[in-house]
Every structure is written in structure tokens, then in C-alpha cells.
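Each remark here refers to the structure printed beneath this line.
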Amino acid sequence: MTYSLTTPLYYVNAKPHLGSVYTTLACDALARFQRLEGQDVVFITGVDEHGQKIQRTAETQNISPIDHCDRISALYSDLWTRWHISNDRFVRTTSPRHLPLVQAFFQRCEAAGHIRTGHQEGWYCVDCEEFKDDPADAKAPDCPIHRKPLEWRDEENLFFCLSQFQERIETLIADPQFIAPASRRREIENFVAGGLRDFSISRVNVSWGLPVPGHPGHTFYVWFDALLGYLTALLDDGGAVDLDRLADIGWPADVHVIGKDILRFHAVYWPAMLMSAGLPVPKRVFGHGFLTREGQKMGKALGNVLDPEILLERCGTDAVRWYLLRDIQFGEDGDFQQQRFMDLVNNDLANTIGNLLNRTASMSRKWFEASLPPVSPDVRSEHPLKQPTEQTIERVRQSIPALAFQDAAEAVLQLAIEANGYLNEQAPWSLMKQPGHEEKVGDDLYAVLECCRVIGLLLQPLVPGLSSRILAQLDQRPSDDGWTQALRWGQLEPGVGLPKPEPVMQRLELESPL
RNA sequence: GUCAGAGUAGCUCAGCUGGUUAGAGCACAGGAUUCAUAACCCUGAGGUCGAGAGUUCAAGUCUCUCCUCUGACACCA
């Protein structure tokens with residue numbers, strides 16, 4: 001089965017920010033999970049590169065738009081490499097394959113009678129790429145968002161007849177599965193209930209865009225061409241750019257993961273476009289929340305932007321992934337707090353999980369010839385820690401497909417806490433001082449190490465680096481295709497040598513603000 | 001302005017269809033322990049559940065009013 005998922009195609013107006021990293025990390029966790037579950041995953045990310053805004057940004061730097069796009073796009077793809085993002089595709093809307101796809105798609109919409117010409121005039125903000133509601137006789141109005149002067153536009157555009165899709169879109173979004181989280185669905189419902197209006201899909205005075213076939217002088221409006229990037233990405237499998245192939249290679253997408261700000265484009269405009277072109281709509285659109293920092297909106301104005309580069313260098317991927325996925329309910333807004341970041345990484349990862357493994361492996365090596373203990377036969381099928389372990393596995397496998405990363409992370413952590421508690425109750429270090437308890441000690445250490453092994457496996461999608469370090473400590477490797485099998489209790493081989501324990505997670509010591 | 005959502009321990013939040021002394025994590029205090037990354041385990045302190053009124057035998061949980069915050073409101077990747 002193909003499982004396809006997408007991040008937004010990030011707009012290359014500026015270098016990547018933490019928000020993009022957040023979305024991409026979440027998708028990466030989901031993609032890794034689905035692969036482990038045996039799905040044939042196509043994980044798509046990429047960049048959106050057209051539009052007047054980019055044209056102007058390039059102009060101010062005295063470079064050509066494509067040079068600018070090349071530069072920023074490279075920043076994105078490099079960043080994903082360094083964060084070890086497991087994307088299968090990286091699509092650029094300036095790629096030569098994209099144009100024919102957009103044109104073919106447009107022609108389908110046009111042939112279906114959903115394209116018309118229309119006149120549009122008003123005050124326009126280039127940074128927003130949208131018309132504002134300021135009255136026509138306003139004098140030199142500014143954009144409230146960008147605080148820049150609006151420009152008067154009076155042009156002939158092509159329109160997509162969204163109004164014809166009112167009922168079909170209402171039906172679509174009425175499906176509780178389609179928009180997630182549920183809290184955002186009502187917003188879209190309200191919006192749709194207000195009546196859908198046609199929207200313009202071309203511009204006449206923007207050269208940095210894809211030409212509309214049969215309409216000289218028109219280029220596609222960025223949104224129209226950007227969304228289609230998902231299809232281009234999917235078709236970029238070595239085969240032809242042919243809309244008819246989509247059904248065979250993973251369309252419709254299982255989920256589009258996006259920020260809440262662009263939910264409407266994905267939940268309303270995009271499905272309508274697809275319907276017009278006779279293609280199926282995505283199965284689900286998930287709009288996650290935004291990140292603030294120490295309670296404040298991140299922004300250039302405040303100078304409090306968290307740079308992903310710095311985060312990566314100073315903290316590493318595992319720490320950041322864990323913090324973002326574990327502490328923020330995916331879907332809700334979240335606040336990045338440096339102290340809490342350190343507290344959670346150190347407590348959860350270094351102390352609770354890392355130290356559990358470290359102390360247990362040390363004991364095992366110390367008392368059982370640098371190896372896993374020999375065990376009584378029934379431990380591999382029955383032990384007090386077996387059931388909690390199986391419940392944890394179940395919870396993780398339920399949570400991640402629902403993008404409830406926080407629940408998954410907490411479940412794993414809970415297992416480590418239970419195992420730590422169990423060790424303290426049994427106190428093998430005391431038992432070892434009395435003769436005749438070696439077997440009991442061996443059994444318990446084995447069981448706790450089994451918990452560690454499962455923890456390592458379950459952590460694979462969330463924090464892959466840490467996961468492989470945990471598994472290596474147990475002389476195991478990350479799972480490729482045998483995950484379900486590996487998740488069964490009792491897979492560690494008694495008596496096998498254990499490597500010398502090394503801390504699997506360094507504590508985070510951040511002296512200065514990030 | 002209209003609509004939606006939220007206001008619960010210092011912080012971040014959980015509390016389903018109303019029902020014993022309001023929960024968790026972090027932070028804080030004390031204890032226990034020594035296998036371990038000054039880690040682990042246990043205990044404790046800490047809340048008039050935004051304000052006011054009402055319904056009810058009983059309200060954080062329902063109704064109304066008010067205050068505060070957030071989001072959406074037609075094309076802000």
C-alpha cells in the first residue's frame with residue numbers, strides 16, 4: 001500500500017524558519033512510522049518559487065529570480081539533509097516538469113467549464129499577493145499586515161469558478177475525517193457557509209510565473225501553481241508527467257500536513273480544483289498550530305526568531321524533535337521555552353530513558369560476564385513488565401497515525417518510568433549481595449532490557465538518532481521491515497555480549513539563550 | 001462589529017454525557033537508595049477551577065451576564 005504525505009511547499013521568500021522545521025519534523029516522524037508499519041511511503045516536501053513577491057525580492061538583491069530561488073531552495077534542501085529528514089521527494093515549482101503538469105491541469109479545468117475571465121480592480125498588496133478591501137477612493141492606503149503601501153490594480157484575470165463547488169465542498173468538509181484537528185473544522189465550515197466565490201488564478205503583469213496556455217500575457221497565480229506541486233512531486237518517479245498516472249502512484253495523498261494559516265487553501269480551494277480536473281481529493285488535511293517563543297510571537301521586529309541552524313548546531317536533532325513532538329499537542333499552538341526544553345530533554349531522554357538503559361546494562365555486564373543474563377525460560381514469554389510493554393506498543397501504534405505524537409511520546413516515557421520503578425522495587429543490587437538470587441536478578445534485568453529494546457524501537461520514528469544509539473547499546477540495529485516482529489516481547493538473546501555502556505543522550509547544558 | 005474557542009496549582013496542560021478529600025508533567029521541599037549520566041524511587045507543599053448570578057439534592061463540568069485572551073470573517077505556503 002502506498003502512503004503519501006506532504007509538507008507545505010515552502011515559499012522561498014526568505015530562509016527557512018523554525019515553523020517549517022516543525023512541520024517537516026512532524027511529517028518525518030509520521031513517514032518513518034508508516035514505513036516501519038510496512039507502508040510504501042512517498043513523503044513529499046519542496047518549495048514554492050513563483051510570484052511577484054519573489055520577483056521583487058530578487059530585484060532588491062540585484063539578482064535574477066531564478067538565482068534567488070536556487071539560493072533559497074538549496075538552503076531548504078541542505079537543511080533537510082542536516083536534520084536527517086527522510087523525504088522521498090523535493091519538488092521545486094520552477095522545475096521543468098512542473099510547467100506541463102500545471103498547463104495540463106488547467107486545460108482540464110477549462111474544458112470542464114470552470115474557468116472564466118473576469119475583471120478585478122482594487123488596492124493590492126504584493127507581499128500578501130491579494131486584493132484588499134480598502135475603498136477605491138482611499139488615498140495611499142497601507143497593508144495592515146506588511147505596513148507597506150498598497151498598489152492600485154485594474155486588470156483582466158482568469159477566474160476559477162469556485163462558486164460552482166459550493167455543495168460538493170460542503171459535503172466534503174462535513175466528513176469529520178477530512179479536516180483535522182476538529183477544532184479547525186468549524187472555522188472552515190463557517191467560511192464555506194458564507195458562500196464560495198470565484199477566485200482569480202492568473203495575473204497579467206507578473207512575469208515570474210508560469211504562462212497560462214491560450215492566454216498570452218497571463219501567468220498563473222502562485223497558489224494555483226503551488227498546490228499542483230504536490231502532483232508534480234508524485235509524478236517525479238522517473239515516469240511521464242501524465243495526470244492519468246496519478247492513481248497508480250499514491251494519489252490521493254493520505255494527508256497534507258500544513259500550518260493552520262493555510263488550511264483554507266488546502267481544505268477548500270484545492271479540493272475544488274481537483275474535482276474540476278476530475279481527480280480525487282486528499283484524504284485528510286491536518287492544520288497544526290504555531291510556535292511562539294517564551295510567550296511571544298517570533299518575528300524580525302522583536303528580534304526573537306529561533307534560528308533552526310543554531311538549534312541544530314547547539315542541541316542536535318533528537319533534542320529538538322523530542323521537545324517539539326513530546327511537549328506540544330500537535331494541532332494546538334505551542335510555546336518554545338528554553339528552560340522547559342532543557343528540563344524535558346534532560347529528564348525524559350537523559351535521565352529517565354538513557355539512565356534506565358545505562359544502569360541496567362551496567363548491572364548486567366557487572367554480574368553476568370559483560371553479557372545479557374541467562375534467563376529462566378518463561379521470562380521470554382511472561383514477566384510483570386510484559387503487559388505494560390505491550391500496552392505501550394499499542395498506544396504508540398494508535399497515536400502516531402493520528403498525528404498524536406505527544407501521546408506516543410508520553411506512552412514511551414511512561415514505560416521507562418515503570419521500568420525504573422520496577423528496578424527500584426526489586427533492588428537487584430541488594431539481592432546480588434545475598435547468595436541464591438542470581439536467577440531472579442537475571443530475569444529482572446533481562447526484562448528491563450527488553451523494555452529498553454522496545455523503547456528504542458518505538459522511539460525510531462520520533463527520535464531516530466537516539467533510537468539507534470539505544471539499540472546499539474543492546475547490540476541491536478534499527479528495524480527496517482521487521483518492526484512488527486521485533487516488537488514482540490522476548491527477542492533479546494540471553495547470554496549475548498553487551499557493549500560497554502556509553503550515555504545514549506547527552507544532557508543539554510545551554511548557558512546562554514539560543 | 002459578527003461568529004468560534006479558551007480562561008483550572010509558579011509554568012504547560014488533563015478533567016467524557018454534572019456526583020466521594022480537583023489530576024499529571026516540569027519547577028520547589030523533604031526522605032530513601034547506591035546499579036546508574038549528582039541519575040533512579042517515594043512523600044510533601046501548592047489551586048475560593050476568570051468574576052458575578054442562577055438551575056439542581058449535587059457544578060470546574062449546565063444556563064445567563066460581565067471581564068480578559070486567541071482565532072476565523074472571502075483569496076496572508
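In the text below, chain A, chain B and the rest are named by the order of the sequence lines, each starting its count at 1. Small disclaimer: the values here were computed from a predicted structure and weren't measured.
- Heavy atoms of Arg185(A) sit nowhere under 4.0 angstrom from any nucleic acid atom.
- The Asn347(A) side chain lies nearest to C26(B) when the options are C26(B), U37(B), U34(B).
- Between the side chains of His266(A) and Tyr230(A), at least one donor N or O lies within less than 3.5 Å of an accepting N or O.
- One interatomic measurement links the two molecules: CZ of Phe159(A) to P of C75(B), which rounds to 11 Å at whole-angstrom precision.
- Straight-line distance between the C1' atoms of C40(B) and G31(B): roughly 14 Å, to the nearest whole Å.
- Residues satisfying the ring pair (Phe, Tyr, Trp, His ring centres under 6.0 Å) test with Phe90(A), not counting sequence neighbours, are none.
- The side chain of Ser362(A) sits closest to C35(B) out of A77(B), C40(B), C35(B).
- No engagement by Ile258(A) is indicated, since no non-hydrogen atom pair under 4.0 Å with the nucleic acid exists.
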Checklist entry - Should Phe165(A) and His114(A) be marked as a ring-ring contact (aromatic ring centres under 6.0 Å, His included) after you check the CA-CA gap, both sets of side-chain angles, and the distance that decides it? => result CA-CA 10 Å; Phe165(A) 293 85; His114(A) 296 137; 4.7 Å; yes
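- No cation-pi contact links Lys53(A) to Tyr11(A), judged by a cut-off of 6.0 Å to the six-membered ring centre and 45° from its axis.
- Within the 4.0 angstrom heavy-atom criterion, no nucleotide atom of any strand lies near Asn346(A).
- The closest side-chain donor-acceptor pair between Tyr10(A) and Thr45(A), if any, does not fall under 3.5 angstrom.
- Looking at RNA chain B, the stems built from 3 or more consecutive Watson-Crick or G-U wobble pairs, each pair with its key distances under 3.5 Å, are B:1-7 with B:67-73, B:10-13 with B:23-26, B:28-31 with B:41-44, B:50-54 with B:62-66.
- Applying the ring pair (Phe, Tyr, Trp, His ring centres under 6.0 Å) test to His383(A) and every residue at least two apart in sequence or in another chain returns Tyr422(A).
- Here Lys297(A) does not reach the OP1 or OP2 of U70(B): none of its side-chain N or O atoms lies under 4.0 Å away.
- Checking C75(B), U37(B), A77(B) against the side-chain heavy atoms of Phe199(A) singles out C75(B) as nearest.
- Not counting sequence neighbours, Phe159(A) has no partner by the ring pair (Phe, Tyr, Trp, His ring centres under 6.0 Å) test.
- One can find a donor-acceptor pair under 3.5 Å joining the base of A36(B) and the side-chain atoms of Asn355(A).
- For the pair Phe220(A) CZ and C75(B) P, the computed distance is 21 Å after rounding to whole Å.
- For residues 437-456 of chain A, proximity to RNA chain B is found at no residue, defined as any non-hydrogen atom under 4.0 angstrom from a strand atom.
- As rounded to whole Å, 13 Å separates atom C1' of A72(B) from atom CZ of Phe290(A).
- Set against C26(B), A74(B), A77(B), the side chain of Leu344(A) has C26(B) as its closest nucleotide.
- Heavy atoms of Val222(A) sit under 4.0 angstrom from at least one base atom.
- Among residues at least two apart or in separate chains, salt bridge (charged side-chain N to carboxylate O under 4.0 Å, His left out) pairs with a member in residues 334-353 of chain A are Arg326(A)-Asp348(A), Asp327(A)-Arg340(A).
- Screening residues 433-442 of chain A for salt bridge (charged side-chain N to carboxylate O under 4.0 Å, His left out), with sequence neighbours left out, gives Lys440(A)-Asp444(A).
- With respect to Arg92(A) and Asp48(A), no salt bridge is recorded, no charged nitrogen being found less than 4.0 Å from a carboxylate O.
- The residue among Met363(A) and Ile262(A) whose nearest nucleotide of RNA chain B lies closer to the 5′ end is Met363(A).
- For Tyr269(A), the side-chain contact (heavy atoms from CB on, under 4.5 Å) partners at least two apart in sequence or on another chain are Leu162(A), Phe191(A), Phe199(A), Arg264(A), Phe265(A).
- Of the charged side-chain nitrogens involved, none lies within less than 4.0 Å of a carboxylate oxygen, so that Asp407(A) and Arg395(A) do not count as a salt-bridged pair.
- When distances are taken from the side chain of Met505(A) to each of A77(B), C35(B), U37(B), the shortest belongs to U37(B).
- Separating the CG atom of Asp333(A) from the P atom of U70(B) is a distance of 11 Å, rounded to the nearest angstrom.
- Between Trp270(A) and His256(A), the ring planes are tilted. Angles from 30° to 60° get that label.
- Rounded to an integer number of Å, the gap from CG of Asn358(A) to C1' of A38(B) is 14 Å.
- When the P atom is compared between G10(B) and G50(B), the two are found 13 Å apart, to the nearest whole Å.
- For the contact set between residues 419-431 of chain A and RNA chain B, defined by any heavy atom under 4.0 Å, the members are Asn420(A), Gly421(A), Asn424(A), Trp429(A).
- By the ring pair (Phe, Tyr, Trp, His ring centres under 6.0 Å) test, Tyr323(A) pairs with Phe336(A), Phe341(A), sequence neighbours left out.
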Next on the checklist: One character per nucleotide, please: for nucleotides 3-11 of chain B, 5' to 3', B when the base has a protein heavy atom closer than 4.0 Å, S when only the sugar-phosphate does, - otherwise.
Outcome noted: SSS-----S
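- Regarding Asn351(A), its CG atom lies at a distance of 15 Å from the P atom of G25(B), rounded to whole Å.
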Acceptor/donor pairs from residues 447-454 of chain A side chains to any protein atom, 3.5 angstrom cut, sequence neighbours excluded:
from, atom 1, to, atom 2, distance (Å)
Glu450(A), OE1, Arg453(A), NH2, 3.0
Glu450(A), OE1, Gly490(A), N, 2.6
Glu450(A), OE1, Gln491(A), N, 3.4
Glu450(A), OE2, Arg453(A), NE, 2.8
Glu450(A), OE2, Gln491(A), N, 3.4
Glu450(A), OE2, Leu492(A), N, 3.0
Arg453(A), NH1, Ala486(A), O, 2.7
Arg453(A), NH2, Ala486(A), O, 3.1
Arg453(A), NH2, Arg488(A), O, 2.9

